[in-house]
K.L.:
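Here it is: the structure, laid out below.
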Protein chains: 2
Amino acid sequence: MGNIKTNKDRIFKTAISLFSAKGFRGTSIRDIANAMNISISNIYHHFGNKEGLLVAILEHSSERLVKKLKEVSELDVPPKEKFKKLVETHIRLAGTFTEETKIFFLDEEHLSEEGEKINRNIQRQIYGFYQNVLQELDETGLIRCRSIKVLAFNIFGVINWQLRWYRPEGPLSLDEIIDEMLSFIMNGVFGTTGQNQK
Amino acid sequence: MGNIKTNKDRIFKTAISLFSAKGFRGTSIRDIANAMNISISNIYHHFGNKEGLLVAILEHSSERLVKKLKEVSELDVPPKEKFKKLVETHIRLAGTFTEETKIFFLDEEHLSEEGEKINRNIQRQIYGFYQNVLQELDETGLIRCRSIKVLAFNIFGVINWQLRWYRPEGPLSLDEIIDEMLSFIMNGVFGTTGQNQK
DNA sequence: TCATATATCGAACGTTCGATCTATTGCTGT
DNA sequence: ACAGCAATAGATCGAACGTTCGATATATGA
């Protein structure tokens, strides 16, 4: 036992697939229930309401991402290396858990109260990790930028945009893609200011 | 005359605002009609149905973007300069016509048949401009990349992500932001391979 | 064995949606 | 003045939505 999937788990997984494929608004409670041949009341019993289900997904997937980024943030390594590791971890997680990541960035806005609040909180946490290391890089003169915020958003753009086009069956492996994205970001951030250190 | 706004125009404008603010699915025909105190019949008369209204918006805003990018593409200038101009034009248009641009990239998928087809076609056209110039840069050795596609998508990510966070009332002007984004992209693309040419 | 908590179900509710239908208005050319 | 047509309004439709409810089935604990 322990490997047994409860119905709550299965609802969770199904919802992730459907929300990410058709959007939160585009997926009805009935869609989820029908996809696993149960009654919709089950979902209400386990998650309260539709938004409760979404919030559960958001919290679950963000927890993992935040935990990993925090681990990297606390590494005792030079800032440039830490930054690189941060981006790589971020890209890899976003590329691995495509569906979950899609949900919590594709459906922005459009949710009420709690959903928005939680979403904002997650984003703020993630931004915090980048802000810290970018500030350190800026203060030590390793980068020169007018706005850390814009810089961070540019990075987020590259990372999150992959969710739009990445397909596992594509010609490039995930690792190759990560390589490409990572070097693009590293160049973008350090540019001609950065040294040619390996 | 000529400056007179027809009702059709006003419906168009109102729809752009609402679609971009609350999403296509999140905006009902009634929302649009109520926002301008007319009956929903007007909308059906002028645009056929809800998706017809969306398609009209997509075509209108993409037409402007494609036209501008094409103009730049046909300039007789060195590839690197052309690329820079292409990106700058793209960023500026996306940042200027925020609402329209939002619509045709936020609500991807989720539309049926014609909407999807048109959307795909627009994206393909835009990608084509980048593919051409990136290929030229690659062949002349000015850049070295494994995948032009990934490179282009990274650029799109940076450009389109601004729609998520850019607010005109923010501390930085649009021109400053464009500067930041542009140099990030230029560094990202040419990186340490590029020369330090001014 | 009985009591209680949890899980699941089917039916129904009220609302909102996109769409349609039927009138009525207002302009335009003759 | 009037026919004709586009523009607009209002009422209405069936379908789908999220949600609630009472009933039933299953598991747990005393």
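Throughout, protein chains are lettered first and strands after them, A, B, ... in sequence-line order, and every chain is numbered starting at 1.
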K.L.:
Atom CZ of B:R25 and atom C1' of D:dA16: how far apart are they, to the nearest Å?
P.N.:
12 Å

K.L.:
Could you state the CZ-C1' distance from A:R10 to C:dA7, rounded to the nearest angstrom?
P.N.:
12 Å

K.L.:
Please report the distance, rounded to the nearest Å, between CG in A:L54 and C1' in D:dG18.
P.N.:
15 Å

K.L.:
Which of these nucleotides, D:dA9, C:dC17, D:dT19, is closest to any side-chain atom of B:R30?
P.N.:
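Among the listed nucleotides, the one closest to the side chain of B:R30 is C:dC17.
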
K.L.:
From C-beta outward on A:S41, which listed nucleotide comes closest to its side chain: D:dT19, D:dT20, C:dC21?
P.N.:
D:dT20

K.L.:
If you assign A:D31 and B:I11 each to the DNA chain D nucleotide with the nearest heavy atom, which residue ends up on the more 5' nucleotide?
P.N.:
B:I11

K.L.:
Expressed as a whole number of angstroms, how long is the span from B:K50:NZ to C:dT20:P?
P.N.:
15 Å

K.L.:
Ignoring the backbone of B:N42, work out which of D:dA7, C:dT8, C:dA19 is nearest its side chain.
P.N.:
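For the B:N42 side chain, the nearest candidate turns out to be D:dA7.
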
K.L.:
When you get a sec, tell me which of D:dG18, C:dT8, D:dC21 is the closest nucleotide to the side chain of A:Y44?
P.N.:
D:dG18

K.L.:
Say whether, by atom type as modelled, one donor and one acceptor occur between the side chain of B:T27 and the main chain of B:F24 under 3.5 angstrom.
P.N.:
no

K.L.:
Would you check, one step at a time, whether the test side chain to side chain contact (heavy atoms under 4.5 Å, CB included) holds for B:R146 with A:D179?
P.N.:
CA-CA 10 Å; B:R146 224 178 316 180; A:D179 254 24; 3.6 Å; yes

K.L.:
With distance as the sole criterion, do the side chain of A:S28 and the base of D:dA16 form a donor-acceptor contact below 3.5 Å?
P.N.:
no

K.L.:
Validate the cation-pi geometry between B:K70 and B:F129: distance from NZ or CZ to the six-membered ring centre under 6.0 Å, angle to the ring axis within 45°.
P.N.:
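No, cation not above the ring by the 6.0 Å, 45° rule.
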
K.L.:
What does B:I38 touch in the nucleic acid at a heavy-atom separation under 4.0 angstrom: a base, only the sugar-phosphate, or nothing?
P.N.:
sugar-phosphate

K.L.:
Can you tell me if the side-chain N/O atoms of A:H45 get under 4.0 Å from OP1 or OP2 in D:dT20?
P.N.:
no

K.L.:
Determine, for A:K84 against A:E88, whether the closest basic-nitrogen to carboxylate-oxygen distance falls under 4.0 angstrom.
P.N.:
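No, this pair does not count.
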
K.L.:
In whole angstrom, what separates B:N37's CG from D:dA9's C1'?
P.N.:
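So the CG-C1' distance, B:N37 to D:dA9, works out to 12 Å.
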
K.L.:
Salt-bridge test for B:R144 and B:D138: reply yes if a basic N is under 4.0 Å from a carboxylate O, no otherwise.
P.N.:
no

K.L.:
With a 4.0 Å limit, can you tell me whether A:H46 has a side-chain N or O closer than that to the phosphate oxygens OP1/OP2 of C:dT6?
P.N.:
no

